[in-house]
Asker: 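The structure under discussion is supplied below as C-alpha cells; questions concerning it will follow.
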Amino acid sequence: MKKAYLFFLIFIVTLSLALAVEVGYRTSESIAEEIISSLSQAKYEDWSAAFISTDDKIRGGVLPATLFIPVAATDEHLGDRNVAAYHVVPEKMEFSDLLAKEDKTRIVTLLAGCSILVRNTTEGGLTLDGVSVTEPDIFVDKFIAIHRIRFPLDFTKYGRMVDYKPKPKTELISKLEIEVFAVVIAVTLAVIIRCLVSSRR
C-alpha cells in the first residue's frame, strides 16, 4: 500500500513540474506570433474568426489587442505576415479610445518598429493611415477590440519606423493556471506531510 501511495505522490509532483514548465514558456511574443500566422493565412472576411479563435489565450487576460479588418474583395495579402502584423495593435483600443487620440498620433503595431498614423480632425474625422473606420467596435470584450476599415492599411507608405523599444520578454500565466498550480502544489505538500507523519508512528 505504501508503494502505491509513494507512486501516486511521485506522479503528482511530476505533473506539477510539467505544468510549471509548460506555463513558463508562454510569452507575449509567442502569442503575437500565433495571431500573425493565423491572420496571414486567412481572407480578410475571415480575420475576425481567425483572430478570436487564436485569442483564447488573449481572452484569458494575456495579451490585450485590437484588430483592424479591411473591407476588401482582394486576397493579395494571403501569406504576407507583414500585412497581418500591421493590422494588429498590441493594446485593446475601443473606438472611443481612438477618438480620444490627438491628431497625428502614432499607434504601435505588431509589425516591429511600425506604427499607424491616426488623423483626428474636425474636417476629415478619424482616419488610420488615411483610411476611415467604417464599422467601429464590431466586437469588444475585456481584452480585445475589432474594427472594420474601408481599405487595407499600407505599412510601406505610412508605417514609418518609430522609436520603439519592445517590452522585455515576460512569462504569461493566466489566473486560472496559477490557481490550478497552487492547488496541485498544496495537495502535494499535504500528501507529503501526511506520509511523513504516518511513517513516524
Side-chain angles (χ1 to χ4, degrees), residues 28-29 31-55 57-168 170:
S28 58
E29 289 81 7
I31 295 169
E33 179 63 30
E34 289 176 35
I35 292 169
I36 294 166
S37 179
S38 177
L39 294 178
S40 68
Q41 300 306 314
K43 296 178 179 182
Y44 288 136
E45 63 195 42
D46 298 327
W47 269 19
S48 183
F51 185 65
I52 292 171
S53 67
T54 306
D55 270 347
K57 293 173 186 161
I58 292 173
R59 294 169 62 80
V62 175
L63 182 66
T66 301
L67 172 65
F68 298 104
I69 303 175
V71 178
T74 180
D75 293 325
E76 293 174 0
H77 73 283
L78 282 174
D80 190 336
R81 298 171 57 77
N82 290 336
V83 171
Y86 191 64
H87 284 76
V88 180
V89 173
E91 172 185 357
K92 178 193 169 199
M93 300 184 78
E94 294 182 34
F95 190 64
S96 59
D97 299 321
L98 292 170
L99 287 173
K101 296 283 183 191
E102 291 185 25
D103 188 36
K104 298 183 182 176
T105 300
R106 290 191 129 346
I107 51 177
V108 175
T109 68
L110 289 184
L111 183 56
C114 287
S115 62
I116 297 169
L117 175 64
V118 177
R119 294 300 313 260
N120 196 357
T121 64
T122 51
E123 303 84 34
L126 176 78
T127 61
L128 307 169
D129 288 352
V131 176
S132 61
V133 178
T134 57
E135 294 178 62
D137 297 337
I138 60 173
F139 181 86
V140 175
D141 72 4
K142 188 174 178 183
F143 302 104
I144 65 175
I146 300 174
H147 311 286
R148 197 170 308 280
I149 55 178
R150 187 163 306 285
F151 302 107
L153 301 172
D154 185 357
F155 68 91
T156 62
K157 183 176 180 181
Y158 290 96
R160 70 172 174 80
M161 300 298 278
V162 292
D163 293 332
Y164 173 70
K165 294 181 181 176
K167 293 179 182 176
T170 55

Asker: Who are the salt bridge (charged side-chain N to carboxylate O under 4.0 Å, His left out) partners of Arg81, not counting sequence neighbours?
Answerer: Glu33

Asker: For Glu91, which residues count as a salt bridge (charged side-chain N to carboxylate O under 4.0 Å, His left out) partner, sequence neighbours excluded?
Answerer: none

Asker: Taking the side chain as C-beta and beyond, is there a heavy-atom pair between Phe155 and Thr109 under 4.5 Å?
Answerer: no

Asker: Would a 4.5 Å heavy-atom cut-off, applied to side chains only, mark Ile36 and Val88 as touching?
Answerer: no

Asker: Provide the closest heavy-atom pair for Val83 versus Trp47 in the form atom of the first, atom of the second, distance.
Answerer: O-CH2, 4.3 Å

Asker: Would you say the side chain of Tyr86 lies within less than 4.5 Å of the side chain of Asn82, judging by non-hydrogen atoms?
Answerer: no

Asker: Would you check if the side chain of His147 reaches a backbone N or O of Met93 as a donor-acceptor pair within less than 3.5 Å?
Answerer: yes

Asker: Run the side-chain contact (heavy atoms from CB on, under 4.5 Å) test on Ile149 and Thr134 for me, step by step, so that the C-alpha distance in whole Å, both residues' side-chain angles and the decisive distance to 0.1 Å come before the verdict.
Answerer: CA-CA 5 Å; Ile149 55 178; Thr134 57; 5.6 Å; no

Asker: With distance as the sole test, does Asp137 use its side chain to make a donor-acceptor pair with the main-chain N or O of Glu94 at under 3.5 Å?
Answerer: no

Asker: Dump the intermediate steps for side-chain contact (heavy atoms from CB on, under 4.5 Å) on Arg150 and Val71, then the final yes or no.
Answerer: CA-CA 5 Å; Arg150 187 163 306 285; Val71 178; 5.9 Å; no

Asker: Could you tell me whether the side chain of Leu67 reaches within less than 4.5 Å of the side chain of Ile52, counting heavy atoms only?
Answerer: no

Asker: Test Ile116 against every option in Val131, Asp129, Thr127 by the side chain to side chain contact (heavy atoms under 4.5 Å, CB included) rule and name the one that passes.
Answerer: Asp129

Asker: Would you confirm whether Ser40, through its side chain, and Ser37, through its main-chain N or O, come within 3.5 Å as a donor-acceptor pair?
Answerer: yes

Asker: Can you list everything that forms a salt bridge (charged side-chain N to carboxylate O under 4.0 Å, His left out) with Asp103? Sequence neighbours excluded, please.
Answerer: Arg119

Asker: Do you know which two heavy atoms are closest between Thr66 and Phe68, and how far apart they sit?
Answerer: CG2-CZ, 3.9 Å

Asker: Under a 3.5 Å distance rule, please check whether Tyr158 uses its side chain to pair with a backbone N or O of Ser115 as donor and acceptor.
Answerer: no

Asker: Do the side chains of Val118 and Leu128 get nearer than 4.5 Å, heavy atoms only?
Answerer: yes

Asker: Tell me whether His87 contacts the main-chain N or O of Leu153 through its side chain, where contact means a donor paired with an acceptor under 3.5 Å.
Answerer: yes

Asker: Rounded to the nearest 0.5 Å, what's the gap from CD1 on Ile107 to SG on Cys114? Could you check?
Answerer: 13.0 Å

Asker: Between CD1 of Ile69 and NZ of Lys43, what distance do you get to the nearest 0.5 Å?
Answerer: 15.0 Å

Asker: Got a donor-acceptor contact below 3.5 angstrom from the Lys92 side chain to the Val140 backbone?
Answerer: no

Asker: Indicate the atoms forming the closest heavy-atom contact of Asn120 with Leu98, along with that distance.
Answerer: ND2-O, 3.9 Å

Asker: Hey, could you give me the CZ/CD distance between Arg148 and Glu45, rounded to the nearest 0.5 Å?
Answerer: 9.5 Å

